[in-house]
Amino acid sequence: MQAVTFEQLGGPEALRLREIDEPQLRANQVLVRVQAVAVDHVDTFVRSGAFQTALATPHVVGRDLVGTVLRVAAGVTNFAVGDLVWTNSAGYDGRMGATAEMVAVAADRLYPVPCGVDARQLVAAVHSAATAAIVLQDVMQLTRGQAILIEGAAGNVGRKFIQLAHQLGAVVTTTSAARDFDRCRQLGSELTLDYHEPVASQCDRQFDHIIDTSGKVPLQANLAALNQGGQVTLITAPADNHFTFDVRQFYMAQKQISGFVISHATDDQLARAAKWLNPQFAAGALLEDDLNCQPFAAAAEVHAALEQGRDHHQRFVLVPPTEKI
Ligand SMILES: NC(=O)c1ccc[n+]([C@@H]2O[C@H](COP(=O)([O-])OP(=O)(O)OC[C@H]3O[C@@H](n4cnc5c(N)ncnc54)[C@H](OP(=O)(O)O)[C@@H]3O)[C@@H](O)[C@H]2O)c1
């Protein structure tokens, strides 16, 4: 079967579409015929080695896939041949990657695609939506009425944060370019601010939680905008990988900084996120990404485009040779 692999960590050119053996099904696994694979920033980090993790051999790139069940191993009772399924945790921590015609996935990391949901639109959404779901539920433990500031809110991850935080009953403030104000409002933002100006110069709100998806807002500015006991959650880093902040002001107001990376989410966290997300997908929410579908053979080009910021606000989705673009 065909798969996109890399032999050594390196640049996008390390990716090759080549013939590899079909996966051997182990206990509690499900063999999936892949229909589409999303390309995430983190796939480029795994390929380059910026995110260090155990890799299965051969190294098949990618973590989010959608496809149909071909076979189930002994012990699997929750899936049957022909089911449409998705996962968002292939390709790292010793697991086989997603960008192959067939992938063996642990049954407890696989979730059903709700009836009537577009498979490509779903696979494009699962990484950012699951990140937002786990951060809101488990890291922030956001509750109804709390004030949250979402910076970079018109981006892939930001849009998912708006919708899910709004659904939890939080009071949502967002920053984005002015051209995206309407979109942010439609998704659930109560107050839209322009990221070109500091938040403090545009409103006098203080927040219980702040998430910056751009990595471009100085940490000190966000810490200063927190209520006493408030929390900043980091999911990305500034380009130079460094922040400075006023330490006394920070601890005397009992503020918190949390880091999160979905690669370390537990099976249980991923499953709870999927349980929250699937009814949203079924209702047509969280599926607003603008897709750019390409063949598996374009994987190297797509990684380069994502790394160089040439995604033009689109989500790249790769489809195997057997599927129409
Ligand atoms: N830790 C994790 O588990 C995890 C999971 C998923 C993603 N991530 C990370 O999250 C980050 C965002 O991913 P994404 O796919 O959402 O990217 P994205 O779609 O490019 O979103 C980034 C957003 O930031 C906005 N922005 C640019 N400059 C800004 C500024 N100075 N202040 C505030 N916002 C600004 C951009 O606006 P314009 O469109 O106007 O430029 C864009 O809407 C990436 O670094 C990714 O690696 C981490």
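Both backbone and side-chain heavy atoms feed into the values below; hydrogens, waters and symmetry mates do not. Keep in mind it's a predicted model, so treat the numbers as computed, not measured. Note that ligands are numbered from 1 as they come in the structure, with each ligand's atoms numbered from 1 the same way.
- Selection from Phe45, Tyr195, Phe51, Phe161 by nearest heavy atom to atom 37 (O) of ligand 1 gives Tyr195.
- Listed here is the closest heavy atom pair of Ile148 and Ala170: CG2-CB, 4.0 Å.
- Near His313, with a cut-off below 4.0 Å to any heavy atom, the atoms of ligand 1 are 38 (P), 39 (O).
- Closest to atom 5 (C) of ligand 1, if we only count protein heavy atoms, is Thr131 OG1, 3.2 Å.
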- Mind running salt bridge (Lys or Arg N to Asp or Glu O under 4.0 Å) on Arg47 and Asp43 for me, showing each step along the way? CA-CA 6 Å; Arg47 188 216 67 230; Asp43 300 329; over 6 Å; no
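- The protein non-hydrogen atom at the shortest distance from atom 7 (C) of ligand 1 is Val157 CG2, 3.6 Å.
- Hydrophobic clustering (ILVMFWY, side-chain heavy atoms < 4.5 Å, transitive): Leu9 and Tyr92 are in distinct clusters.
- Of all the atoms in ligand 1, the ones that sit under 4.0 Å from a non-hydrogen atom of Arg179 are 38 (P), 39 (O), 40 (O).
- Hydrophobic clustering keeps Leu187 apart from Tyr195 (ILVMFWY residues linked when any side-chain heavy atoms are closer than 4.5 Å, directly or through intermediates).
- Using cut-offs of 30° and 60° on the angle between ring planes, the pair Phe281 and Trp86 is perpendicular.
- Ligand-side atoms of ligand 1 in range of His127: 5 (C), 6 (C), range being under 4.0 angstrom from any heavy atom.
- Proximity to Ala154 (heavy-atom distance under 4.0 Å) selects the following atoms of ligand 1: 43 (O).
- The protein heavy atom nearest to atom 15 (O) of ligand 1 is Asn156 ND2, 3.0 Å.
- For atom 28 (N) of ligand 1, the candidate residues are His264, Lys160, Lys216; the nearest heavy-atom contact is made by Lys216.
- Residue pairs meeting the side chain to side chain donor-acceptor pair (under 3.5 Å) criterion with at least one partner in residues 124-133, sequence neighbours excluded, do not occur; the list is empty.
- Residue, atom and distance of the protein heavy atom nearest to atom 44 (C) of ligand 1 are His41 CD2, 3.9 Å.
- Taking all heavy atoms of Ala130, Gly152, Gly215 into account, the minimum distance to atom 25 (C) of ligand 1 is reached by Gly152.
- Here the shortest heavy-atom distance to atom 12 (C) of ligand 1, taken over Thr175, Ile235, Thr213, belongs to Thr213.
- If you check which protein heavy atom lies closest to atom 35 (C) of ligand 1, you get Ser214 CB, 3.3 Å.
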- Item | CA sep, side-chain torsions, deciding dist, call: Arg185, Thr192, side-chain hydrogen bond (donor to acceptor under 3.5 Å, both in side chains) | CA-CA 7 Å; Arg185 266 190 222 109; Thr192 51; 3.2 Å; yes
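- Each of Asn292, Val39, Asp40, Asp290 was compared with Arg315 under the side chain to side chain contact (heavy atoms under 4.5 Å, CB included) criterion, and only Asp40 meets it.
- Interface atoms of ligand 1 facing Thr236, defined by a heavy-atom separation under 4.0 Å, are 45 (O).
- With distances taken over non-hydrogen atoms, the option nearest atom 43 (O) of ligand 1 out of Gly155, Ser128, Gly158 is Gly155.
- Among residue pairs with one or both ends in residues 238-250, those qualifying as side chain to side chain donor-acceptor pair (under 3.5 Å) are Gln220-Gln249; sequence neighbours excluded.
- Between His264 and Phe51, the ring planes are tilted. Angles from 30° to 60° get that label.
- Remark: minimum distance from atom 3 (O) of ligand 1 to any protein heavy atom is reached at Ile262 N, 2.8 Å.
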- Item | salt bridge (Lys or Arg N to Asp or Glu O under 4.0 Å) evaluation trace for Asp289 with Arg120 | CA-CA 10 Å; Asp289 298 301; Arg120 291 184 187 179; over 6 Å; no
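- Listed by atom number, the atoms of ligand 1 under 4.0 Å from Val261 heavy atoms are 1 (N), 2 (C), 3 (O).
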